[in-house]
Amino acid sequence: MLDAKVALRNIRRSANDDVDKAGLTEDEVKQGKERVQKLTDEYVKIIDQLAKDKEEDLMSV
């Protein structure tokens, strides 16, 4: 699951770079980066839950 988090951080960095280069106003850049972070947080929770579920599954065998 560590690989998934690393990949997610790389995607977040790329998305933030795209927001910076989009030629938006300062407020729009801030909103864009906040949205990227919100999506990142959602997917981190999903990854953590999948890891927890997998750990529980392995422990029950």
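What you see is a predicted model; the values in this text were computed from it and never measured. Sequence positions, counted from 1, serve as the residue numbers for this chain.
- Linking ILVMFWY residues whenever their side-chain heavy atoms come closer than 4.5 Å, directly or via other members, leaves I11 and L39 in distinct clusters.
- Taking each heavy atom of I47 and A4 in turn, the nearest pair found is CD1-CB, 3.9 Å.
- Residue Q49 places its CD atom among more than 12 non-hydrogen atoms of other residues, nucleotides or ligands, all under 6.0 Å distant.
- Residues satisfying the side chain to side chain contact (heavy atoms under 4.5 Å, CB included) criterion with Q37, sequence neighbours excluded, are R12, T40, D41.
- A 4.5 Å side-chain heavy-atom check between R35 and Q31 finds every atom pair outside the cut-off.
- The line from CG of L8 to CG of D3 is 12.5 Å long, rounded to the nearest 0.5 Å.
- Using a 4.5 Å heavy-atom cutoff, the side chains of D57 and S60 are in contact.
- Annotation: the span from K33 atom NZ to D18 atom CG amounts to 11.0 Å, rounded to 0.5 Å.
- Between R13 and N10, the shortest heavy-atom contact is NH1-OD1, 3.0 Å.
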